[in-house]
Amino acid sequence: MTEKRYDFSTIESAWQHRWDGMRAFAVDLSQATNPYYVLEMFPYPSGRIHMGHVRNYTMGDLVARYKKARGYDVLHPMGWDAFGLPAENAARERGLHPAKWTWENIATMRAQLKALGLSIDWEREIATCHPEYYRHEQGYFLDFLDAGLAVRKDMWVNWDPVEQSVLANEQVIEGKGWRSGADVERVKRKQWCLDTAHYADELDRALDDLSAWPEAVKTMQRNWIGRSQGCSIDFVVSRADSADKADSAGKAGSAGKADSTDKAGSAGKADSTDKAGSADDATKQETISVFTTRPDTLFGMTFLALAIDHPVAEALAAQDAGLAAFIAECRKGGTAPRGEEIEKRGYRSSLQAHHPFRPDWTFPVYVANYVLLEYGTGALFACAAHDQRDLDFARQEGLTVVPVVAPTGVDPLADPDAAQVDNEAYTGQGTLFGSDFLDGLTVQEAIPAAIARLEETKQGTGETIYRLREWLVSRQRYWGCPVPVIHCHDCGAVGVPRDQLPVRLPEDIDIGTHGNPLDHHPTWRHTACPSCGKPALRETDTFDTFFESSWYFARFLSPRDTTQGFDAKLAAQFLPVDDYIGGIEHAILHLLYSRFFFRALKQAGHCAIDEPFKRLFTQGMVCHKTIKDPATNAWIFPTDAERDPENGLRHRDTHVPLAEGASVKMSKSKRNVVDPDDIIATYGADTARLFILSDSPPNRDLEWTAAGADAIHRYLKRLYRHIDGVIDTALADGLPPATKTPEAEEATTATMRMVHTTIKTVTEDIDRYHFNRAIARIRELTNYLFVQPLSAPVYEGWMTVLRLFNPIVPHLTEELHARIQPDQLLVSAPWPSWDAEALVSPQEEISVQINGKMLCRVAYDVALTDEAVLEVVCTTPKVAQAIEGRQARRAPILVRGRIVNFILAP
RNA sequence: GGGGGUUUGGCGGAAUUGGUAGACGCAUUGGACUUAAAAUCCAAAGGCCGUACGGCCGUGCGGGUUCGAGUCCCGCAGCCCCUACCA
């Protein structure tokens, strides 16, 4: 027979059509007895798929096909995270309607994904921009509204005055809007929020039970949730109209800068967020609540500081032009001064604070830019000696610093200098001094003691707070899901009646204007109040797109259900998602929002699940080499560079010398992107899939190399040709009859041992996501089989290779398999099991060591006793020579199948 | 500043979880086939010394535990990622 070419493009498109035609991957969930849900994070339809997608979906496809072979009813769907800003940008730049742009991208990317031969049930495809998708999340939002989980409140946000829109923190670059370049302002605006903080405690604790999540992701979530134990303290404050009274201990400074001449006419109001009853109402004292984790350092307090947007600071500013100016100055630059530390600045207010245990001690109250409004109560008490930030501020403002914790081994009475701090705060363990009833206690003992005293005197409470706050879901954007609310002059914010959902986006919009196109639409927002019928206005905010991605995995269960978002019974069967695969960049936002969302859905009675993802796998990035022109510093396409043996790396056309840079994540700007379409056209999907799963462990970065892809393709050609030839022979002549010679029988058991060992290790490796190792084991088997003369066991070996390789190179294996069994798809064939007996070898080898140093390997019969094994080892010439005449210091250490170690005198 | 990860040949990586370090590949070199090249096949290959048999060294660095350490413990360094005035 003539050798057939490995015609991958014909093979691949033929099998893709056949799988499609026979609905090979469609799954009827209601009939599923053995449910298993494999999901990769769904893509944003940006235009074309990239290698990161290929890696993500290839890994998921391997798992899905493997689980199907293991007998599961595998749900493996695909959809589109279709709302978002890039669609509006494209509309502005190219005059395309966001919907048109999005749907065209989806069509392109769907075709690209199909060319990869993924085992996806495309009948379940969804796009989040479809009204039949977002109508359900509008319903969920109304539920959250009813449950008090969704609220509209004043929030400090980044406001771009040119765009006339709120910006996300990451859209503020060095204090300026990322697109307009305008100075971003910090403004208060009514925004819709979901009360994620309501579940902060549970979201934190439940991480402990997510045993199949990467520790790194759980750690990131814990840090983000930011559980912090301490206490709140209500400081009594009064006006410092009279001259500063230095307290007896000289702690409260008059050392502050000159007071503002413009005293506030009235003291700030008590913080309305105070715990009820914590202030002594009878005496009508004003208090400011602070949160602290270090109440033990109260006796080292030297000042109180408020965030610039603290209600008390605002009230004071109304009476104090200097303070108002200071606050206005600080507000420039938006809410997110990321990156380098800002310069600490403060303004001394007209208030003074009283020490909870020594009411006659008073301290200045500052308004300071380094105090965060969003953390704790937006106010803090400062013990500068034991907090670096407070110390920095104190040194700058010339405030007193009073240490109260002596490091272990330091006696502050004997050596007063030793406990002093210079410009470095002491934050470690130690013993309290100069602290009244806390003296002599360790930091760990003093914290509860201080809290107890504060609680006794009703000035504070032990408390656990969280960094996690509400999730701001309002966006002043067109291309998102409309918030289903109507604002009525008389009735306030009223939810849109459920029978009027979905609130659809208008299609006739003018995207060219600044701000939110929905605001500028001539008619869309005008409607009637559902409750009183008077003219009213629709909410024009749309949801953050993380809203859509918080529940899409449930929608796949019931993608065409018009009555509900998903079916609770199916959810009970298929959720949580068994295997969820995606990039680590979603470690916090998407995954945390989804975990919140399902708790909220459960509270609203939609399902009984808390955690949406059982096992999470985070894949590494796809990297590629970069090439630069050192003269111009411009990035060069690697395909435009060639290596000249004499002159090194040169540009192919201009011949200027080039320099090879690091291998970094593929990006258009660095010109190191490899287009999946090109790879599929040149080598086929199977080559791309095998290359991307070989070598690199899935959780690490993968380096794409042209040579590697080429080598993989050569291997597949050889594999195809060889197995094809084996099948030719088997079909034409039949397999050679087994010979009964001892050598032939030994060859048979050796082959079977190899085959079954491979089945076992490959199965275990896939279960543990060690795909690169699984492939190495399969290649080991094929290397072995390539050189064996054809026999029944060798033939069986090749059939096993087809089955084991099918989830990785599905088209090639299916094509070859169809030659033997045209009536059965490999895709539906069961995974092979291994025969434990076939794994057993009559002989095993042991490593021989002398005093822990390797000497040699010795083989022996497994049936031998320990004594007999030692006998065999000791009579091996090389060993006998090494131990001859030397005295044993102890009995040899024998670990069968591993090692024997002789401990001899030198 | 805080947290996490990582460090093994020229390169990607493997090592039965404390028992032959370098599986499986990439790149390389030699050979076969060919008029020649490509393709294909076979072989070599951690470093140093040696013609070979072999010997010594070797898993970022320094200690420790152990019969035995890439693996466990302590300390240090480099690189990567996340986060950041979180009181």
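Just so we're clear, the structure is a prediction, and the values are computed from it rather than from any experiment. Reckoned from all heavy atoms, side chains included, excluding hydrogens, waters and symmetry mates. Protein chains get the first letters and strands the later ones, always in sequence-line order, with residue 1 at the start of each.
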A/Lys218, NZ: over 12 other non-hydrogen atoms inside 6.0 angstrom: yes
Ring pair (Phe, Tyr, Trp, His ring centres under 6.0 Å) partners for A/Tyr715, two or more places apart: none
Sugar-phosphate, base or nothing in reach of A/Ser696, heavy atoms under 4.0 Å: sugar-phosphate
Donor-acceptor contact present, side-chain A/Thr461 to main-chain A/Glu463, <3.5 Å: no
Under the side chain to side chain contact (heavy atoms under 4.5 Å, CB included) test, residues paired with A/Ala368 that sit two or more places apart: A/Ala305, A/Tyr370, A/Val371, A/Phe393
Pairwise 5' ranking along RNA chain B for A/Arg718 and A/Ala711, keeping only the more 5' one: A/Ala711
Residue-phosphate contact under 4.0 Å: A/Lys853 side-chain N/O, B/C57 OP1/OP2: yes
Set of ring pair (Phe, Tyr, Trp, His ring centres under 6.0 Å) partners for A/Tyr426, sequence neighbours left out: none
Anti/syn call for B/U28, syn if |chi| within 90°: anti
Pairing residues for A/Thr626 by the side chain to side chain contact (heavy atoms under 4.5 Å, CB included) criterion, not counting sequence neighbours: A/Trp635, A/Val664, A/Lys670, A/Asn672
Counterpart residues, salt bridge (charged side-chain N to carboxylate O under 4.0 Å, His left out), relative to A/Arg857 (two or more places apart): A/Glu845
Consecutive Watson-Crick or G-U pairs in runs of at least 3, all under 3.5 Å, in which RNA chain B is involved: B:1-7 with B:77-83, B:10-12 with B:24-26, B:28-32 with B:40-44, B:46-49 with B:54-57, B:60-64 with B:72-76
Touch class at under 4.0 angstrom, heavy-atom based, for A/Ser694 against every strand present: nothing
For A/Phe235, ring pair (Phe, Tyr, Trp, His ring centres under 6.0 Å) partners two or more places apart: A/Phe381
Sugar-phosphate, base or nothing in reach of A/Val848, heavy atoms under 4.0 Å: nothing
Pairs satisfying side chain to side chain donor-acceptor pair (under 3.5 Å), at least one member in residues 616-625 of chain A, at least two apart: A/Asn56-A/Gln619
Phosphate-side-chain proximity, A/Arg890 and B/C67, N/O vs OP1/OP2 below 4.0 Å: yes
Letter per nucleotide, 5' to 3', of nucleotides 17-24 of chain B [B base touched, S only sugar-phosphate touched, - untouched; heavy atoms, 4.0 Å]: --BBS-BS
Sugar-phosphate only, base, or nothing, as touched by A/Pro892 at under 4.0 Å among non-hydrogen atoms: nothing
B/G64 versus B/A69 - spacing of their P atoms, nearest Å: 12 Å
Syn or anti conformation of B/G5, syn meaning chi within 90° of 0: anti
Nearest-Å distance once atom C1' is located in both B/A14 and B/G63: 28 Å
Whole-Å P distance, B/G68 and B/U83: 46 Å
Heteroatom pairs (N/O) under 3.5 angstrom, protein to nucleotides 1-11 of chain B:
none

Touch class at under 4.0 angstrom, heavy-atom based, for A/Leu372 against every strand present: base
Point-to-point distance, once rounded to the nearest 0.5 Å, from OG1 of A/Thr757 to CZ of A/Arg777: 10.5 Å
Separation of the C1' atoms in B/U28 and B/G12, to the nearest angstrom: 15 Å
Contacts of A/His770 that satisfy ring pair (Phe, Tyr, Trp, His ring centres under 6.0 Å) - sequence neighbours left out: none
Protein-nucleotide distance (A/Leu716, atom CG; B/U40, atom P), rounded to Å: 13 Å
Contacts of A/Ala688 that satisfy side chain to side chain contact (heavy atoms under 4.5 Å, CB included) - sequence neighbours left out: A/Ile679
